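In what follows, a structure is listed as structure tokens, so that the remarks can point back to it.
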Amino acid sequence: MTADTPTDVFEAHRPVLMGAAYRMLGRVADAEDVVQDAWLRWSGADHGQVREPRAYVVRITTRPAIDRLREIRARGEAYAGPLLPEPCVTDFADTVADGAERAVLADSVSFAVLVVLESLSPLERAVFVLREAFGLPHAEIAAALDRGEAAVRRLAARARRHVDERRPRYPVDPAERRDLTERFLAAAADGDLAALTALLAPDVRLVGDSGGKAKAPVRILETADKVGCFLVAVTGEEAPGLSVRFLEINGGFAILALRDGTPDTVLQLDVADGVVHAVYLVRNPDKLQSPAAR
């Protein structure tokens with residue numbers, strides 16, 4: 001039996017590296033750049049001196065991702081309106097056999113959780129992602145970040161507490177989400193405000209990310225009346241060449257709207273108890289150009 005080549009070793013870990021980088025940065029292109037840089041470092045390493053390949057490739061991916069996140073935040077770039085992560089197509093059912101593990105991965109990449117992660121420090125975010133999404137031992141995370149294990153445990157506990165305090169309290173059932181999404185789309189397309197409002201929780205929130213480059217609310221909308229009226233108004237506008245696709249985005253059932261074959265909008269709902277609690281709309285064209293969003 002032949003030993004795995006360095007390329008085989010890196011490719012075996014690429015899904016974890018890409019997943020961690022995306023969860024840390026919220027941008028597909030940035031995550032791809034970080035993983036590509038990690039590959040260049042790995043290909044130039046003295047592999048005979050690497051005792052733990054997984055720990056090594058995690059380290060050379062995580063540290064640059066932290067640096068890039070710090071650079072992004074240090075620039076303090078102004079963003080027009082609410083901010084959502086770049087949509088990423090996922091299909092955990094085809095890659096992860098265990099249902100509980102799929103649920104953890106889907107939750108860790110959801111819009112709701114990634115928005116909360118934006119409020120963590122880069123180091124806390126890295127620890128949370130490596131520990132909660134991928135189950136890496138504290139000792140391995142400490143080695144990857146060049147920190148003491150006790151310090152990493154404190155970071156992990158603080159990040160987990162912060163996320164738990166701010167993440168949505170309602171569970172998201174995949175079958176319920178799909179059913180409500182289809183009914184939601186039908187009511188909006190028909191301009192049926194009463195039917196649409198009946199699907200919304202009284203305190204529903206709509207978060208629209210356009211970056212100032214497409215039509216979307218400049219603030220988060222709240223209450224069923226405001227959200228329903230907005231959705232009926234925008235879907236009632238004439239939209240020649242518009243088509244929709246159903247697919248899994250960020251761990252859950254979602255709608256990709258295309259105009260003349262070009263991605264125009266990603267819509268995803270968070271649902272529980274038969275009603276919609278949150279509506280996420282991504283309309284910034286810069287976030288819809290990645291192959292992952294097509």
Side-chain angles (χ1 to χ4, degrees), residues 13-32 34-35 38 54 57-58 61-62 65-66 68-69 72 83-138 140-141 144-145 152-153 155-174 177 207 209 247-254 266 268-272 277-278 280 282 287 290 292-293:
H13 295 296
R14 183 183 287 272
V16 170
L17 303 179
M18 184 64 192
Y22 171 74
R23 286 164 175 80
M24 289 179 60
L25 297 165
R27 307 181 185 188
V28 174
D30 283 347
E32 290 173 338
V34 165
V35 173
R54 184 178 79 156
V57 295
V58 167
T61 302
T62 303
I66 292 173
R68 181 165 295 208
L69 183 57
I72 292 170
L83 177 69
L84 288 171
E86 181 180 342
C88 180
V89 172
T90 53
D91 194 357
F92 297 123
D94 284 350
T95 57
V96 181
D98 182 76
E101 185 179 355
R102 287 204 305 270
V104 170
L105 286 171
D107 180 63
S108 72
V109 80
S110 68
F111 282 151
V113 168
L114 289 179
V115 167
V116 175
L117 293 188
E118 283 291 326
S119 60
L120 298 179
S121 72
L123 200 57
E124 288 173 337
R125 187 164 180 168
V127 170
F128 181 88
V129 167
L130 295 176
R131 179 65 183 164
E132 300 296 328
F134 298 103
L136 269 61
H138 291 104
E140 192 169 327
I141 298 172
L145 301 180
V152 165
R153 287 183 180 275
L155 283 167
R158 186 162 64 240
R160 178 64 183 270
R161 183 169 58 252
H162 182 94
V163 173
D164 285 346
E165 288 172 353
R166 291 162 176 79
R167 79 197 314 166
R169 298 295 180 183
Y170 42 85
V172 179
D173 177 75
R177 175 185 265 175
V207 184
D209 180 338
L247 68 170
E248 183 181 294
I249 288 180
N250 288 73
F253 188 74
V266 164
Q268 189 178 75
L269 310 177
D270 274 352
V271 306
H277 288 262
Y280 300 106
V282 180
K287 294 186 176 182
S290 165

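Nothing fancy with the numbering, it's 1 onward along the sequence. Predicted model only: the values in this text are computed from it and were never measured.
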Could you tell me if the side chain of [Y] sits less than 4.5 Å from the side chain of [X], heavy atoms only?
X	Y	answer
D30	I72	yes
D270	Y280	yes
V271	D173	no
T61	H13	no
V113	V116	no
I249	T90	no
R158	L155	yes
E140	L130	no

Working to the nearest 0.5 angstrom, can you tell me the gap between [X] [atom1] and [Y] [atom2]?
X	Y	atom1	atom2	value
E118	L25	CD	CG	9.5 Å
Q268	R177	CD	CZ	4.0 Å
R27	R68	CZ	CZ	9.5 Å
N250	L114	CG	CG	6.0 Å
S108	R167	OG	CZ	9.0 Å

K287 side chain vs D209 backbone, donor-acceptor pair below 3.5 Å: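 Side chain of K287 to backbone of D209: no pair is present.
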
Sidechain-backbone polar pair: R160 side chain, A156 backbone, donor-acceptor under 3.5 Å: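 No, R160 side chain to A156 backbone: no donor-acceptor pair under 3.5 Å.
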
[X] versus [Y], closest heavy-atom pair with distance:
X	Y	result
L145	L123	CD1-CD1, 4.0 Å
A31	Y22	CB-N, 3.5 Å
L117	R23	CD1-O, 4.0 Å
A159	F128	CB-CB, 4.0 Å
P87	V28	O-CG2, 3.9 Å
A126	T62	CB-CG2, 4.0 Å

Stepwise side chain to side chain contact (heavy atoms under 4.5 Å, CB included) test for L120 and V163: CA-CA 9 Å; L120 298 179; V163 173; 4.2 Å; yes

Side-chain donor-acceptor pair present, S119, R166, cut-off under 3.5 Å: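 Their side chains do not contain a donor-acceptor pair, so the 3.5 Å distance test is not met.
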
Under 3.5 Å side-chain donor-acceptor pair for R153 and H138: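 The answer is yes; a qualifying pair exists.
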
Evaluation steps, side chain to side chain contact (heavy atoms under 4.5 Å, CB included), between E132 and D107: CA-CA 10 Å; E132 300 296 328; D107 180 63; over 6 Å; no

